[in-house]
Amino acid sequence: FLTLAIWFSTTVGYYTFSPMSHASTFMMSAAFLLVWWQVKDSDELTAWLSLGICGGLLSICRWQDVLFLLAPPLYELVGRRRLVALWKWCAYCAAAVLCWVPQIAQWKEIYGRDLTNPQGSRFLQFPPHFMAQVLLSSDHGWFVWTPIAVVGVAGLFCGARKEAALYGPWIVVVALEVAVLGSIPNYWSGADSFGARSLTSCAPLIAWGTAVLISRAHRRAVKLLLGGFIGVCVVYTTLFAVQFRLDLIPRDGPLTMSQLLWDKLSLKKAYQRRIHELRESAPAQAAQ
């Protein structure tokens, strides 16, 4: 139930069919979490090499996802108050850096430089002034377009109340991901995108947090209520995807309350209105 719910209620479902990096970054962040869960208390060299490779591949899918690599050492620092077995961290980092070798070689061949920043020197501006908009704006806000993210983040905080070392590092990762996006003045919304596409890598963390809430809901009524809300999130975001794909809402910019909510209850009328708008604007476009 949760696997299907996450696919339909996050940006993962939409970008599964898009020739972009988002499906890849979701796959690798899920793999990174899976491997970390298996090796987090291990001292085997091969275990940490495999985790480093997963982290390296994740970070070259989308550069800001290098932040995921911070969570494993944070887990050890919080839980044990120090980094033990430094050799495993060296292996972890070396494996991650190794994944960047072909990426840097490609940039060198294409652009003539080892590292590139195609967005310009003022692409990132700190402090991040747009974190609230990244979360709450009708213009591709993470919590607005995919409200299941609220459930997942709440679940991570719920888990951190009893096991800070286990959940705290991943809360930090989510916060840093939002902060990086919120520090991009001209692109924090992702422009022509379905939802907060740059946060697709956080979908496995949202799934984990949601699972925590479900597993800790001991009363049947609470569990059913939570399951019902997740079902609403599935329907809501799926209808959002239909609106976006059929151009029933603007691909960039804030939405009206009708576009955000009421049109989802009558997609046929919204579609007919859109057809009427296109017919009305056709003569003016032809004249131009």
Side-chain angles (χ1 to χ4, degrees), residues 6-30 58-68 116-120 122-125 128-150 152-153 173-207 233-261 263-264 267 270-271 274:
I6 291 298
W7 194 75
F8 282 104
S9 62
T10 67
T11 52
V12 174
Y14 188 91
Y15 286 107
T16 297
F17 303 101
S18 175
M20 301 175 73
S21 64
H22 306 292
S24 300
T25 195
F26 164 75
M27 180 184 72
M28 290 313 307
S29 61
L58 170 60
S59 65
I60 64 172
C61 289
R62 294 190 67 82
W63 62 267
Q64 68 265 32
D65 292 328
V66 71
L67 296 168
F68 272 72
T116 64
N117 182 10
Q119 290 84 6
R122 294 182 60 81
F123 176 55
L124 293 173
Q125 297 181 18
H129 293 291
F130 301 97
M131 290 181 67
Q133 289 92 325
V134 170
L135 296 176
L136 302 172
S137 174
S138 65
D139 185 4
H140 303 94
W142 195 30
F143 289 171
V144 177
W145 284 55
T146 52
I148 191 72
V150 179
V153 170
V173 168
V174 172
L176 289 175
E177 290 268 358
V178 173
V180 167
L181 202 55
S183 67
I184 308 175
N186 301 321
Y187 199 68
W188 59 263
S189 67
D192 183 4
S193 65
F194 174 71
R197 66 182 182 185
S198 294
L199 295 173
T200 302
S201 59
C202 294
L205 293 172
I206 296 305
C233 291
V234 167
V235 175
Y236 173 84
T237 300
T238 300
L239 291 176
F240 232 141
V242 172
Q243 287 178 286
F244 188 80
R245 188 68 185 86
L246 296 179
D247 293 319
L248 302 182
I249 54 177
R251 288 182 168 264
D252 194 10
L255 305 179
T256 65
M257 189 59 69
S258 178
Q259 293 167 334
L260 198 62
L261 295 176
D263 282 0
K264 290 179 176 60
L267 286 175
Y271 183 72
R274 176 61 177 165

Next item on the list: Output yes when a side-chain donor or acceptor of Ser29 lies under 3.5 Å from a complementary backbone atom of Phe26, and no otherwise.
Entry: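 Flag set: sc Ser29 to bb Phe26 pair under 3.5 Å.
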
Notebook entry, point to check: With sequence neighbours excluded, what pairs up with Arg245 under the salt bridge (charged side-chain N to carboxylate O under 4.0 Å, His left out) test?
Noted result: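 With sequence neighbours excluded, Arg245 shows a salt bridge (charged side-chain N to carboxylate O under 4.0 Å, His left out) to no residue whatsoever.
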
Which heavy atom of [X] sits nearest a heavy atom of [Y], and at what distance?
| X | Y | answer |
| --- | --- | --- |
| Arg197 | Gly190 | NH2-O, 3.6 Å |
| Ala191 | Tyr187 | CB-CE1, 3.7 Å |
| Thr238 | Val234 | OG1-O, 2.7 Å |
| Thr25 | His22 | CG2-O, 3.1 Å |
| Ser201 | Pro204 | O-CD, 3.2 Å |
| Ile148 | Ile206 | O-CG2, 3.6 Å |

Check: Can Leu199 and Glu177 be said to form a side-chain contact (heavy atoms from CB on, under 4.5 Å), step by step?
Finding: CA-CA 7 Å; Leu199 295 173; Glu177 290 268 358; 3.9 Å; yes

Checklist line | Worked verdict on Met28 versus Phe68 for side-chain contact (heavy atoms from CB on, under 4.5 Å) | finding: CA-CA 11 Å; Met28 290 313 307; Phe68 272 72; over 6 Å; no

Side chains of [X] and [Y]: closer than 4.5 Å at any heavy-atom pair?
| X | Y | value |
| --- | --- | --- |
| Phe240 | Ile249 | yes |
| Ser193 | Tyr15 | yes |
| His129 | Pro185 | no |
| Met131 | Leu135 | no |
| Gln243 | Leu267 | yes |
| Thr237 | Phe194 | yes |
| Thr10 | Thr200 | no |

Next item on the list: Using the six-membered ring wherever Trp is involved, compare the ring planes of Trp188 and Phe130 and label them parallel, tilted or perpendicular (cut-offs 30° and 60°).
Entry: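 Parallel, since the angle between the ring planes stays under 30°.
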
Next item on the list: Please identify each residue that fulfils side-chain hydrogen bond (donor to acceptor under 3.5 Å, both in side chains) with Gln259, with sequence neighbours left out.
Entry: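 Testing Gln259 for side-chain hydrogen bond (donor to acceptor under 3.5 Å, both in side chains), a comparison that skips the adjacent residues, returns Thr256.
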
Notebook entry, point to check: What's the verdict on side-chain contact (heavy atoms from CB on, under 4.5 Å) for Asp252 and Asp192, showing C-alpha distance, side-chain angles and the deciding distance?
Noted result: CA-CA 5 Å; Asp252 194 10; Asp192 183 4; 5.6 Å; no

Margin query: How about OH on Tyr271, more than 12 heavy atoms from neighbouring residues, nucleotides or ligands closer than 6.0 Å, or not?
Written below: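 Atom OH in Tyr271 is not crowded, with 12 or fewer foreign heavy atoms closer than 6.0 Å.
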
Check: Any chance the side chains of Ser21 and Arg62 put a donor and an acceptor closer than 3.5 Å?
Finding: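 Indeed, the side chains of Ser21 and Arg62 share at least one donor-acceptor pair under 3.5 Å.
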
Check: Any side-chain donor paired with an acceptor under 3.5 Å for Ser59 and Asp65?
Finding: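 No, no side-chain donor-acceptor contact under 3.5 Å.
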
Note to self: So, taking the atom named OG in Ser198 and the one named CD1 in Ile184, what distance separates them when rounded to the nearest 0.5 Å?
What the structure shows: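 Taking OG in Ser198 and CD1 in Ile184, the distance rounds to 6.5 Å.
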
Notebook entry, point to check: So which pairs with a foot in residues 131-147 pass side-chain hydrogen bond (donor to acceptor under 3.5 Å, both in side chains), sequence neighbours left out?
Noted result: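 For residues 131-147: none.
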
Next item on the list: Would you check, one step at a time, whether the test side-chain contact (heavy atoms from CB on, under 4.5 Å) holds for Tyr14 with Phe244?
Entry: CA-CA 10 Å; Tyr14 188 91; Phe244 188 80; 3.3 Å; yes

